[in-house]
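Below: the structure, in structure tokens.
To find a chain, count down the sequence lines: A is the first, B the second, and so on, and within it residues start at 1. Computed from a predicted structure; not experimentally measured.
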There are 2 protein chains.
Amino acid sequence: MRELTRAEEQVMQVLWKIKKGFVKDILEHFDDPKPAYNTVSTIVRILQDKGFVTHKAYGRTHEYYPLVTKSDYSKSHLKTFVNDYFSNSFEKMVSFFAKEKSISVKEMEEIMKIMENEVKKQKPLR
Amino acid sequence: MRELTRAEEQVMQVLWKIKKGFVKDILEHFDDPKPAYNTVSTIVRILQDKGFVTHKAYGRTHEYYPLVTKSDYSKSHLKTFVNDYFSNSFEKMVSFFAKEKSISVKEMEEIMKIMENEVKKQKPLR
DNA sequence: CTTGCTTAACTAATTATTTCGTTGTATATT
DNA sequence: AATATACAACGAAATAATTAGTTAAGCAAG
């Protein structure tokens, strides 16, 4: 998956948040000092070329949607990171950061519980 | 911490790997097609300006060292990522990717064991 | 219809990043 | 000493990314 540049990522973060929107909607979600309308418009069209968003046309105005989900992008992004910084071992990464954050065994058990619940939720449906 | 550009990151990865080196040493570790000597030389000087590396001079030639460790940089990088993509919750990130990678409860227990060992290793020393 | 407003498309301008040629100096070699 | 070699420093050129002005088309209000 293509990497997002900083400006592109900012626009995607807004789109992921608002689900869909016109350029003016995206613009609204920027902190001051907001960029110019045309700046956002350009970036959103670049994102479209890269396949990250699509649009639905209402006459001449376009409503933009993410095509790549935040999950998909974060997956790809972390995969690259884990590969580059933890020789592709998710386990190494987790234990490194868990230690970093002084996450205790107890807290890890909490995470496991969350995971177990997610497994339970999915099992009966499949 | 400043972000590394793509070219800068490549040089840092080499430096982290070889611990220290002259420009020609760094160059050697690039895959073909290798960049020009001057390209690497320039990037390493930019990295020096940014505070990521320093050098020891032997007459007119410089041996470069990382100042920022790979651990420090990856810490900072993942912190930003977790903040932007998992509303700053390391736990959410872990459980999301654990599920993603179909890491089972058993495997998580393996990770916990590794963590426990690390904790044991450190305890007697402090 | 005509004027004004909104918008996407296009494009120009600016800034950041990457790449590497050129230069000058130090050092080694003859 | 003269020439060759190796290197850092500098800076020019190329490329990528960002920002926003200009334009043209559609639509709304009078």
Side-chain angles (χ1 to χ4, degrees), chain A residues 1-15 18 20-68 73 76-77 80 84, chain B residues 1-15 18 20-68 73 76-77 80 84:
Chain A
M1 187 180 300
R2 291 283 287 285
E3 286 275 314
L4 296 171
T5 65
R6 218 189 292 291
E8 288 164 5
E9 187 176 353
Q10 280 174 23
V11 169
M12 284 308 292
Q13 287 284 2
V14 172
L15 267 181
I18 67 181
K20 64 181 180 181
F22 300 91
V23 172
K24 68 170 167 40
D25 301 321
I26 298 169
L27 188 58
E28 266 171 22
H29 285 79
F30 271 80
D31 292 335
D32 294 313
K34 297 188 198 303
Y37 179 98
N38 286 336
T39 302
V40 175
S41 170
T42 300
I43 292 170
V44 107
R45 244 168 316 105
I46 291 169
L47 284 167
Q48 197 169 235
D49 292 344
K50 285 191 172 182
F52 278 85
V53 312
T54 187
H55 74 265
K56 191 174 169 188
Y58 293 95
R60 244 181 63 78
T61 84
H62 297 179
E63 190 172 34
Y64 293 93
Y65 299 83
L67 267 184
V68 173
Y73 187 70
S76 155
H77 187 77
T80 302
D84 292 349
Chain B
M1 185 179 302
R2 292 280 289 287
E3 286 274 315
L4 295 172
T5 65
R6 216 185 296 288
E8 288 164 4
E9 187 177 354
Q10 280 173 23
V11 169
M12 285 307 293
Q13 288 284 2
V14 173
L15 268 180
I18 68 181
K20 64 181 179 181
F22 300 91
V23 172
K24 68 171 166 41
D25 300 322
I26 298 170
L27 188 57
E28 267 171 21
H29 284 78
F30 271 80
D31 291 334
D32 293 312
K34 297 189 197 304
Y37 179 99
N38 286 337
T39 303
V40 174
S41 170
T42 300
I43 291 169
V44 107
R45 245 170 312 107
I46 291 168
L47 285 167
Q48 197 170 234
D49 291 345
K50 286 192 171 182
F52 278 86
V53 312
T54 187
H55 74 265
K56 191 175 167 187
Y58 292 95
R60 245 180 62 78
T61 83
H62 297 179
E63 190 173 33
Y64 293 94
Y65 299 83
L67 268 185
V68 174
Y73 187 70
S76 156
H77 187 78
T80 303
D84 293 348

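Contact annotation: B:Thr5 side-chain N/O to C:dT18 OP1/OP2 distance is under 4.0 Å.
For the ring pair (Phe, Tyr, Trp, His ring centres under 6.0 Å) criterion with B:His55, the lone passing option out of B:Tyr65, B:Tyr64, B:Phe22 is B:Tyr64.
Here CD of B:Gln10 is found 12.5 Å from CG of B:Leu15. Values are rounded to the nearest 0.5 Å. Note that CD of B:Gln13 and CD1 of B:Ile26 are 13.0 Å apart. Values are rounded to the nearest 0.5 Å.
Distance A:Glu3 CD to D:dT18 P: 12 Å, rounded to the nearest Å. Distance B:Lys24 NZ to D:dT5 P: 17 Å, rounded to the nearest Å. In this structure, A:Glu28 atom CD and C:dT7 atom P are separated by 11 Å, rounded to whole Å. A:Arg6 places its CZ atom 17 Å from the P atom of C:dT15, with the value rounded to the nearest Å. Rounded to whole angstrom, the span from the CG atom of A:Asp25 across to the C1' atom of C:dT6 amounts to 14 Å. If you take CD1 of B:Ile26 and P of D:dC7, they are 12 Å apart, rounded to a whole angstrom. Here C:dT7 presents its C1' atom at 13 Å from CG of A:Leu27, a figure rounded to the nearest Å. The OH atom of B:Tyr58 sits 15 Å away from the P atom of D:dC7 (whole-angstrom rounding).
Between B:Tyr73 and B:Met1 the shortest heavy-atom distance is CD1-SD, 3.5 Å. Scanning all heavy atoms of the two residues, the minimum distance from B:Thr5 to B:Lys50 falls at CG2-NZ, 4.3 Å. Nearest heavy-atom pair across B:Pro35 and B:Leu27 is O-CD1, 3.2 Å.
Between the A:Thr61 side chain and the A:Ala57 main chain, no donor and acceptor come within less than 3.5 Å of each other. For A:Glu8 (side chain) and A:Ile46 (main-chain N/O), no donor-acceptor pair under 3.5 Å exists by modelled atom type.
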Just by protein heavy atoms under 4.0 Å, how would nucleotides 24-30 of chain C read 5' to 3' in B, S and -? BBS----

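For the side chain to side chain donor-acceptor pair (under 3.5 Å) condition, the pairs that include at least one residue of residues 26-47 of chain A, sequence neighbours left out, are A:Ser41-A:Arg45.
Taking the side chain of A:Tyr64 as heavy atoms from C-beta on, and the options C:dT7, D:dT19, C:dA9, the nearest nucleotide is C:dA9.
Of the residues in residues 31-49 of chain A, those lying under 4.0 Å from DNA chain D by heavy-atom distance are A:Pro35, A:Ala36, A:Asn38, A:Thr39, A:Thr42.
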